[in-house]
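A short write-up of the structure that comes next.
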Amino acid sequence: MKTKEHSENLRRSCQSGRKERRAENKRVIARLQSLIEEMEKNRASSGDGWKNMTLGKEMVLVMKDFPDALSGGWRDRVRKAFFLEKMLDLIDECYETDIPRFCLCAREYLQCLNRWNRENKRKIIKLRDYLNPELSVREYCEKYRLYRKFDPVERTEKWEACIEEVERVCAEQLKDYTRGRGFCHFYWYVKKDVLRKCGIEWKTPSEMNPEIDFD
């Protein structure tokens, strides 16, 4: 009798555990989906794209704390990789180089989940080159056919550590400005000032590329 009772209790405990895991899986999946939706809204809203750097980091933390195979609608590594790739796409390449170390780690994680993703492999190589101190800005731009140079300070850990807060302050200070022709100069002026207060001396794209007429 005791053995039978023990087996029954064990069965109920296992069933209860599975229900709890399924409920937790659904909660996490819902959170990831809501993060993607929020990132899509930021991408579509002028001036809010920088927020996706923060949301992307939150999304990676949620996924790394969870197994590769989930029940309740998310059953394999491919689907997990899809969420991760969608997040990286929503960060945008312009912001990806603002937080290159994070994006490199995220892309390497994506490659572990889906080793057949050739485009991701290409972007991993590009990020490694971006962070390579032995590759000058000029050489990097020539290799990837970029028409304008950037300040080398943008590749530093110090830049990456403060850029989200810098963008937040810039967005706040520029919220009443019309984002039309010539806005980039207002943005760069404010960004240069905010970065200086963070201890970073930065040359704007117009300073780095005096031969180009920005509007």
Could you walk me through whether Lys192 and Glu201 pass the salt bridge (charged side-chain N to carboxylate O under 4.0 Å, His left out) check? CA-CA 7 Å; Lys192 186 179 182 77; Glu201 292 296 331; 5.4 Å; no

Short side-chain donor-acceptor distance under 3.5 Å, [Y] and [X]:
| X | Y | answer |
| --- | --- | --- |
| Asn209 | Arg148 | no |
| Trp188 | Glu207 | no |
| Ser136 | Glu139 | yes |

Would you call [X] and [Y] a side-chain contact if the rule is heavy atoms closer than 4.5 Å?
| X | Y | result |
| --- | --- | --- |
| Leu55 | Asn52 | yes |
| Leu127 | Cys103 | yes |
| Glu167 | Tyr187 | yes |
| Leu35 | Arg31 | yes |
| Lys197 | Asp193 | yes |
| Phe150 | Met208 | no |
| Leu104 | Ile124 | yes |
| Met59 | Leu84 | no |

Any donor-acceptor N/O pair, Asn117 side chain to Gln111 backbone, under 3.5 Å: no

N/O donor-acceptor pair under 3.5 Å between His185 side chain and Phe214 backbone: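 The answer is yes, because a donor-acceptor pair under 3.5 Å joins these two groups.
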
State which residues pass ring pair (Phe, Tyr, Trp, His ring centres under 6.0 Å) with Tyr95; sequence neighbours excluded, sorted by chain then number.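 Ring pair (Phe, Tyr, Trp, His ring centres under 6.0 Å) list for Tyr95, sorted by chain: empty.
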
Side chains of residues 170-181: which donor-acceptor pairs under 3.5 Å do they make with residues two or more places apart or in other chains?
| residue | atom | partner | partner atom | Å |
| --- | --- | --- | --- | --- |
| Glu172 | OE2 | Lys175 | NZ | 2.9 |

How long is the span from the [atom1] atom in [X] to the [atom2] atom in [Y], to the nearest 0.5 Å?
| X | Y | atom1 | atom2 | result |
| --- | --- | --- | --- | --- |
| Arg107 | Arg128 | CZ | CZ | 12.0 Å |
| Glu165 | Thr54 | CD | OG1 | 9.5 Å |
| Met53 | Ile99 | CE | CD1 | 5.5 Å |
| Asn42 | Glu37 | CG | CD | 12.0 Å |
| Lys126 | Leu131 | NZ | CG | 12.5 Å |
| Trp202 | Asp151 | CH2 | CG | 8.0 Å |

Could you give me the CA-CA distance, side-chain angles and deciding distance for Ile91 and Met39, then say whether side-chain contact (heavy atoms from CB on, under 4.5 Å) is met? CA-CA 8 Å; Ile91 284 180; Met39 291 178 77; 4.1 Å; yes

Hydrophobic cluster membership, with links at side-chain heavy-atom distances under 4.5 Å among I/L/V/M/F/W/Y: are Val137 and Ile212 in one? no

Take atom [atom1] of [X] as the centre, draw a 6.0 Å sphere, and report whether it contains more than 12 heavy atoms from other residues, nucleotides or ligands.
| X | atom1 | answer |
| --- | --- | --- |
| Lys203 | NZ | no |
| Phe183 | CZ | yes |
| Glu134 | CD | no |

Scan the side chains in residues 155-163 for donor-acceptor partners under 3.5 Å anywhere in the protein, sequence neighbours excluded, and list what turns up.
| residue | atom | partner | partner atom | Å |
| --- | --- | --- | --- | --- |
| Arg155 | NE | Tyr130 | O | 2.6 |
| Arg155 | NH1 | Leu135 | O | 2.9 |
| Arg155 | NH2 | Asp129 | O | 3.3 |
| Arg155 | NH2 | Tyr130 | O | 3.0 |
| Arg155 | NH2 | Asn132 | O | 3.2 |
| Arg155 | NH2 | Leu135 | O | 2.8 |
| Thr156 | OG1 | Val153 | O | 2.7 |
| Thr156 | OG1 | Trp159 | N | 3.3 |
| Lys158 | NZ | Gly199 | O | 3.1 |
| Trp159 | NE1 | Asp98 | OD1 | 3.0 |
| Glu160 | OE1 | Arg101 | N | 3.2 |
| Glu160 | OE1 | Arg101 | NH1 | 2.9 |
| Glu160 | OE2 | Arg101 | N | 3.2 |
| Glu160 | OE2 | Phe102 | N | 3.1 |

Pair [X] + [Y]: basic N to acidic O under 4.0 Å:
| X | Y | value |
| --- | --- | --- |
| Glu164 | Lys51 | no |
| Lys86 | Asp89 | no |
| Glu96 | Lys123 | no |
| Lys41 | Glu38 | no |
| Glu40 | Arg43 | no |

If every non-hydrogen atom of Leu88 is compared with every non-hydrogen atom of Ala106, which pair is closest and at what distance? CD2-CB, 4.0 Å

